[in-house]
Peer 1: 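Have a look at the structure that comes next, please.
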Amino acid sequence: MARDAIVAALLDPAGTLGLGEPAWDLLIRQGRRANLLARLAHVLNDAGLLERVPEAPRQHLRSALLMVERQHLAMHWEVNCIRLALAEAIQPVVLLKGAAYVMAGLPAAHGRTFSDVDVLVPRALLDQAESRLMIHGWQGSHHDEYDQRYYRRWMHEIPPMRHISRGTTIDLHHAILPETARVKVDNAALLGAAIPLDGQPGLFVLRPVDMLLHSATHLFHEGELGNGLRDLFDLDGLFRHFGQTPGFWEALAPRARALGLGRPLYYAIRYVRMLLDTPIPERVVEAVASFAPTGPVRALQDFCYRRMLRPHHASCRDWGTHPAALLLYVRSHWLRMPFFLLAAHLTRKAFTRPKLPKLEPGLGKDAGQEG
Amino acid sequence: MIISALPAAELDDRLQRGELLLDIHPFVARLRSDIPGLANDLASMYQGFEVLPADRFADFHVAVTRERGPRHWIKPQARFHFDGRPSFIPLPLHQAFAMLEWGLNWCVAAHSHQFLIIHAAVIEKGGRAVVLPAPPGSGKSTLCSGLIQRGWRLLSDELGLYDMESGLIHGMARPVNLKNASIEVIRAYAPDVVMTAPMPDTSKGTVCLMRPPADSVARRREAARPAWIVLPRYQRDAAPSMAHQGKARTFMLLAEQSFNYDIQGAVGFQAIGRLVEQCHCLEFTYSRLDDADQAFQALLAGEVG
């Protein structure tokens with residue numbers, strides 16, 4: 001399978017030299033739809049090639065980069081506000097995903113866009129954390145009673161909370177997977193191993209191995225891969241960066257086994273190697289082979305993920321795109337809850353007005369915040 | 001090639017296939033639509049604009065398409081797409097052309113941070129530009145439409161693209177958006193103007209687009225140096241008055257009326273500072289377009305500011 005233009009450019013920025021107008025046109029489109037335009041700008045800039053990009057596409061790359069720089073600045077501010085609201089009473093407050101990459105200064109944050117801040121707190125302190133956030137100006141969303149119950153009873157997070165004046169969103173988690181998920185993760189072990197964040201007393205991030213496992217778990221339990229390719233590049237960035245830390249590779253498979261997250265680790269390694277050529281030591285590949293699903297399941301997953309871990313653009317679709325999207329959607333619900341609960345939930349959703357997928361920020365003045 | 005030189009069938013065909021590249025300098029938009037009549041409005045409103053070959057780079061891939069499904073028999077709707085991504089809310093089919101225009105404005109405002117993008121009308125005469133930044137309801141579009149019928153060149157009725165390095169403002173000289181009562185006001189003031197059919201029941205009321213003057217279109221690549229910042233204020237039956245406005249207040253107004261001031265950071269702060277420094281800052285209260293014509297002539301003659 002030939003690489004998509006955006007993947008080829010990110011893996012080999014020098015290959016963009018000499019691209020013609022139609023090729024740049026496609027590259028900007030794919031980059032935008034995959035939320036990887038700023039990442040491309042960053043990679044080109046690092047390679048000293050940004051100035052050699054033709055003027056018109058360069059303006060889009062620069063704009064995307066500027067936008068991300070502002071988002072990162074805003075993230076620092078936002079995280080500080082969260083710290084002031086929570087850290088005194090809640091221990092530990094762990095930043096997840098994008099927020100963690102930015103605040104820990106990881107290369108995975110380069111050129112990465114955000115829509116919200118994800119935070120993990122101990123289950124026992126969840127109510128307290130929620131009320132402290134409310135006192136400091138965050139308001140709950142999803143006022144529908146069923147949604148509230150659905151979130152609170154079955155999910156691993158409460159409904160997103162939005163700050164009344166800044167308009168920023170926080171996702172407050174008490175676990176990394178839903179209560180009802182087939183895989184039971186030892187969340188206490190994750191919280192217990194979290195490491196303090198420099199310069200932000202009271203705030204923590206997951207330790208490298210756990211951060212990677214969480215990133216993998218999140219991507220490979222997700223039903224709608226709106227940012228699938230971007231998230232795969234996150235994994236690539238984490239593997240490449242943490243791979244240089246002594247002990248990282250050795251700890252990976254045993255920790256995955258202990259937490260019950262072997263399968264997502266297997267998928268992460270399979271698809272970063274297959275799609276992004278991420279260097280993974282052979283002994284690690286062998287170590288995770290025992291987490292692999294059976295042959296037919298693996299073939300089906302390959303069918304799905306080879307299609308869904310691509311930009312959401314017309315140039316990256318084929319006959320299998322829709323079936324793959326549907327399969328992953330069903331699978332994610334299957335993983336998320338037991339059959340009878342799932343049946344009840346989907347029946348209810350079928351008979352109530354379906355929520356439209358959030359595809360585009362409103363065409364208004366505050367537009368441009370991308371997921 | 002000029003859009004008007006394209007045979008109707010060819011224009012329609014390119015639009016259907018998504019291969020209509022419209023030069024809206026400093027951008028290129030690639031347009032696709034399957035909505036009957038849209039090609040006509042496009043040819044009429046963008047008369048004098050160039051179309052480019054389909055293999056050129058386009059800044060924005062924009063589509064306005066008919067919604068499928070059973071609903072479309074009862075209530076036909078159109079949806080806007082940007083780079084293949086559908087917008088959240090569809091609009092009634094008869095508003096498709098307005099949707100295209102607003103969609104294009106959004107594309108520019110949300111993705112072109114090489115400029116400080118000011119929500120303002122911009123007009124020019126004798127090499128000097130007037131920036132009319134405006135909160136809604138101030139009569140900015142009406143004033144701008146009137147003045148461009150009296151010899152001012154249209155740069156934009158909505159988006160001032162301020163190049164922070166050169167200090168020049170670009171417009172695109174795209175069609176002017178008229179709302180509600182101002183449609184009749186402009187028809188009466190300049191009976192020769194060409195407008196689209198009125199599109200009722202939009203979120204802004206009844207909307208018409210008006211073809212920009214031919215001379216403005218011919219000179220649309222010429223950026224202009226701003227000399228005045230005038231805050232328009234329509235007030236029923238008011239006598240015309242051109243009053244000085246504090247630089248600090250004008251600064252705040254411009255910052256508030258910019259789409260991407262928050263993204264520009266310190267560079268944006270300094271840019272607005274320089275802009276306000278080099279311009280006469282005024283507030284213009286008016287009720288009649290004839291008064292406005294005179295007041296702006298006086299401005300040009302150096303009698304005010």
Side-chain angles (χ1 to χ4, degrees), chain A residues 19-35 37-38 41 53-74 77 166-167 226 311-317 355-371, chain B residues 18 21 25-28 30 32 52-63 79-91 99-117 119 136 161 163 203 256-268:
Chain A
L19 287 185
E21 286 193 44
W24 271 111
D25 192 276
L26 181 65
L27 191 49
I28 296 295
R29 248 38 68 185
Q30 287 189 3
R32 193 127 64 196
R33 292 306 309 273
N35 261 333
L37 205 52
V53 175
E55 161 93 15
R58 192 173 67 230
Q59 297 292 9
H60 291 276
L61 291 166
R62 283 194 170 289
S63 284
L65 202 54
L66 189 63
M67 189 83 143
V68 160
E69 281 169 15
R70 291 301 143 200
Q71 280 194 351
H72 285 204
L73 210 64
W77 178 266
R166 294 193 300 278
H312 296 281
H313 186 256
S315 61
C316 309
R317 272 179 220 138
K355 264 186 240 141
L356 293 164
K358 193 177 174 188
L359 289 165
E360 178 78 2
L363 304 182
K365 192 163 181 271
D366 60 344
Q369 296 279 320
E370 286 169 10
Chain B
L21 268 71
H25 183 84
F27 306 106
V28 175
R30 187 181 187 107
R32 179 167 69 84
L52 303 173
D55 62 355
R56 293 283 302 277
F57 179 87
D59 294 279
F60 312 112
H61 288 209
V62 161
R79 196 181 287 273
F80 181 81
H81 306 252
F82 167 58
D83 281 359
R85 176 183 284 218
S87 67
F88 196 40
I89 304 166
L91 289 182
M99 189 186 216
L100 173 65
E101 284 299 303
W102 299 337
L104 273 174
N105 286 344
W106 173 79
C107 286
V108 170
H111 300 96
S112 311
H113 308 311
Q114 64 268 40
F115 298 109
L116 177 75
I117 304 172
H119 182 213
L161 308 171
D163 181 330
S203 58
E256 220 171 83
Q257 291 298 318
S258 296
F259 287 93
N260 58 354
Y261 177 69
D262 54 331
I263 292 166
Q264 302 293 353
V267 178

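The sequence lines fix the lettering, A, B, ..., with proteins before strands; numbering per chain opens at 1. FYI, side chains are in, hydrogens and waters are out, and symmetry mates aren't considered; it's all heavy atoms of this structure.
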Peer 1: Which one, A/Pro22, A/Ala64, A/Ala23, A/Pro54, leads in non-hydrogen pairs under 4.5 Å with chain B?
Peer 2: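 Most heavy-atom pairs under 4.5 Å with chain B: A/Pro22.
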
Peer 1: Name all residues meeting the side chain to side chain contact (heavy atoms under 4.5 Å, CB included) criterion together with B/Ala54; count only those two or more places apart in sequence or in a different chain, and write none if there are none.
Peer 2: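 Per chain and number, B/Ala54 pairs via side chain to side chain contact (heavy atoms under 4.5 Å, CB included) with B/Glu19, B/Arg30.
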
Peer 1: Given a strict heavy-atom distance threshold of 4.5 Å, which part of B/Phe60 is in contact with chain A: side chain, backbone, both, or neither?
Peer 2: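 Both parts, heavy atoms under 4.5 Å.
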
Peer 1: If every non-hydrogen atom of B/Phe57 is compared with every non-hydrogen atom of A/Glu21, which pair is closest and at what distance?
Peer 2: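 In terms of heavy atoms, the two residues are closest at N-OE1, 2.6 Å.
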
Peer 1: Which bit of B/Ala109 comes within less than 4.5 Å of chain A, counting heavy atoms only: side chain, backbone, both or neither?
Peer 2: neither

Peer 1: Determine, stepwise, if the pair A/His60 / B/Asp59 fulfils side-chain hydrogen bond (donor to acceptor under 3.5 Å, both in side chains).
Peer 2: CA-CA 8 Å; A/His60 291 276; B/Asp59 294 279; 2.6 Å; yes

Peer 1: If only atom types and distance count, is the side chain of B/Asn260 paired as donor or acceptor with the main-chain N or O of B/Leu116 below 3.5 Å?
Peer 2: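 Side chain of B/Asn260 to backbone of B/Leu116, a donor-acceptor pair under 3.5 Å: no, none is there.
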
Peer 1: Report the option among B/Gly84, B/Pro26, B/Ala58 that has the most heavy-atom pairs separated by less than 4.5 Å from atoms of chain A.
Peer 2: B/Ala58

Peer 1: Verify, without hydrogens or angle tests, whether B/Arg79 (side chain) and B/Leu91 (backbone) share a donor-acceptor contact under 3.5 angstrom.
Peer 2: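 No, because the side chain of B/Arg79 does not come within donor-acceptor range (under 3.5 Å) of the backbone of B/Leu91.
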
Peer 1: Where on A/Ala314 is there a heavy atom nearer than 4.5 Å to chain B: the side chain, the backbone, both, or neither?
Peer 2: neither

